Amino acid sequence: MIRVDGVTAVYRERAALRDVSLQVDAGERVAIIGPNGAGKSTLLRVIAGLLHPTTGTVELGGDRVDRLDRMAVARRLSVVPQTPLLPFATTVEEVVALGRLPHEHPIRGMRPGDRAAVAAAIERVGVGHLLGRDARELSMGERQLVLLAMAVAQAAPVLVLDEPTVHLDLRHQVEVMDLVGDLNTRDGTTILAVLHDLGLAAHFFARLVLLDRGRVVADGAPAEVLAPERIREVFGVDPAFVRLGA
Amino acid sequence: MVAIGGLVLLAVALVAGIAAGSVSIAPGETLGILARRLLGLNVAPTWSVATETIVMDLRLPRVLTAMIVGGGLAVAGAAFQGLLRNPLADPYVLGTASGAAFGAAIAVLIPVRALILQFGLLHALAFIGALGSVLVVYRLSRIGSSAPMTSLLLTGYAVSSLLAAGLAMAMYLSGTGLRQIFAYLLGGFDSATWGRLAVAAPLILIASSVILLRARSLNGMLLGEDAAAHLGVDVRRERAILLTMASLATAAAVAISGLIGFVGLVAPHVVRLLVGPNARLVLPLAALLGASLMVGADLVARLLGEIPVGVVTAVVGAPFFLALLRRARTGYEL
């Protein structure tokens, strides 16, 4: 589904990724972890085609991402944006409807199928009780769910999340991660998420990819990737601080 | 519903704008003349030749100019607000206004009188000044191959300040031309002619249509440029097209009407309060509302004895905008 091959990329005049290779198969659920500045977000930008690597290639569903136009990329991969500020009053359903942008008629807008997809996404993510409200008045947790509903409405086979739990309290963190897990197991959506919280990553993901200074230093099951000596080496903390879930 | 309301409003504004003035003409006669001359209907004239001349040669080009300018500014304003994700953006945000004003002032200072296309020198230089300043702002704000929006806004402000200084100097040197520069700065439609309309209208209409057809891209920008890209918008290309078209419409509008504030700022906001932020609705409805508002403002200006239209839009627009801000208090986060 996603194939990153020997990618080196420069972001903000810094070599952010060095010779990174990674393959994610359809239906997989993968978390990317690593300290600040390890290149996690840069990797997502490269995969989404927003940043062109200086060497190496990225393939999305069998095609090189730099040869697809933006609309084609958007139909293969949806990204949950980090809670942006909206410039104008925008209702919850209007935000979710933005997910249909790559599918709707370019001039006339949403067709009946698009409206059905929006309604289904609202139902699937469970934000029906928020309909009619201005998205700017919602709590961070509610906003995150609405943005997730937007990405679900986009109906792409791959869902990418960049720190989806960052401003959320514990209950909302678990709620979002449960939902993401469910989208993976029940709908078969391929999930690729950048996570800061190692506990959440280990609990909800069977495969972790650990980045450090632009390189993949470990890729595999949580117990293996989060070995105590590696935590000490990469994160520079006492491994006792990282308690891996039950 | 809202669209029908907008069309009715525009039609009423059209007839009222033609009927009222120093010589008032009955709405029935106005409709009759329009039906006869524009639609070719065989309406028996109940009016004098002089009345027909007033309608066809003075009032109609004036009202149509006000409509096109109002509609164009509203569309450009909505586009700039959406692109810059800034509710305070108006069509003049990237230095168009000060560029046009500076150009017009230079035209007054040049001792030669020239006619370029159907434009007087003043209109031509205002147009060039408006487009030129946007171009300079765009070039100066570029970092690498892209121009971040914040840098665009701040550069626009800096270039505007510089041009304002140039304008002040030109006004200081202008002597008897000062009144002419002032008249331009305050804006108005008393110099509207079919000829000028024929040059400016196609520019405004084409630019506005291109923007209207790109509503999808503007919608994508609601959540920011990265989110727009993830939703399938080719951000760099769409932004360049939208900025160019909005600037072109604004430049053509200020060239024939001077600097008329508030319509381009307020019309999109009023429409958003009614129908939400979807650009597919906001753009056409803002065009209708902007056109109607401008005709109305011109009408008021004429009835008050040819005061500048820019004064009317500011006096009506500013308190109205304040009221709007208070009503929508929940939410302008910048």
Side-chain angles (χ1 to χ4, degrees), chain A residues 12-13 41 44-45 47-51 68-95 97-110 132-137 143 146-147 150-151 153-154 156 158-160 162, chain B residues 78 80-89 143-146 149 209-210 212-238 268-269 271-284 324 327-334:
Chain A
R12 296 195 172 135
E13 296 175 3
S41 296
L44 290 192
R45 291 181 76 82
I47 289 171
L50 291 196
L51 180 69
L68 294 169
D69 67 34
R70 290 304 318 164
M71 285 293 166
V73 174
R75 285 191 284 264
R76 293 179 191 205
L77 177 137
S78 62
V79 178
V80 179
Q82 286 189 322
T83 55
L85 290 178
L86 285 157
F88 315 113
T90 309
T91 62
V92 166
E93 50 271 40
E94 282 163 342
V95 174
L98 289 176
R100 297 309 292 173
L101 221 77
H103 302 278
E104 66 187 13
H105 188 278
I107 309 299
R108 279 179 291 143
M110 292 213 292
R133 288 187 52 194
D134 184 350
R136 299 175 306 174
E137 293 168 5
R143 269 192 228 191
V146 170
L147 291 170
M150 179 188 93
Q154 202 172 327
V158 182
L159 178 65
V160 172
D162 191 358
Chain B
F80 278 124
Q81 286 166 5
L83 272 176
L84 299 166
R85 307 186 66 245
N86 188 332
L88 287 176
I143 299 169
S145 59
S146 71
M149 282 302 167
S209 309
V210 172
L212 254 68
L213 293 177
R214 307 198 105 69
R216 174 157 79 162
S217 304
L218 273 179
N219 280 340
M221 303 277 185
L222 259 181
L223 294 171
E225 298 197 352
D226 274 1
H230 293 312
L231 290 169
V233 177
D234 185 338
V235 172
R236 198 176 298 173
R237 187 191 69 197
E238 293 300 301
H269 281 297
V271 171
R272 278 193 205 97
L273 271 185
L274 293 173
V275 301
N278 184 352
R280 278 202 184 80
L281 300 172
V282 169
L283 291 170
L324 204 70
R327 225 195 105 176
R329 189 205 292 278
T330 48
Y332 288 109
E333 304 175 42
L334 286 178

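Below, read A as the first sequence line, B as the second, and so on, with proteins coming before strands; counting in each chain starts at 1. From a predicted model like this one, the values you see are computed outputs, not experimental measurements. Keep in mind that the numbers below use all heavy atoms, side chains included, and drop hydrogens, waters and symmetry copies.
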>> What's the separation between atom CG in Asp226(B) and atom CG in Asp162(A), rounded to the nearest 0.5 Å?
In response: 10.0 Å
> Do Leu222(B) and Pro87(A) touch side chain to side chain, with heavy atoms closer than 4.5 Å?
Replying inline: yes
>> For Thr91(A), which atoms come within 4.5 Å of any heavy atom of chain B: side chain, backbone, both, or neither?
In response: neither
> At a heavy-atom separation under 4.5 Å, does Leu50(A) approach chain B through its side chain, its backbone, both, or neither?
Replying inline: side chain
> So, for Phe88(A) and Gln81(B), which heavy atoms are closest and what is the spacing to 0.1 Å?
Replying inline: CZ-O, 3.7 Å
> For chain A, which residues from residues 228-235 of chain B lie under 4.5 Å away (heavy-atom distances)?
Replying inline: Ala229(B), His230(B), Leu231(B), Gly232(B), Val233(B), Asp234(B)
>> Does this structure show an ion pair linking Arg280(B) with Glu104(A), if we count only N-O contacts that are shorter than 4.0 Å?
In response: yes
> Which atoms of Arg45(A) come close to chain B, meaning under 4.5 Å heavy atom to heavy atom: side chain ones, backbone ones, both, or neither?
Replying inline: side chain
>> Just so I understand: if I count every heavy-atom pair under 4.5 Å between each of Ala48(A), Gly109(A), Pro81(A) and chain B, which residue has the most?
In response: Gly109(A)
> About how many Å separate OG1 of Thr90(A) and CG of Leu223(B), when rounded to the nearest 0.5 Å?
Replying inline: 8.0 Å
>> Quick check: do Arg216(B) and Met71(A) have side-chain heavy atoms less than 4.5 Å from each other?
In response: yes
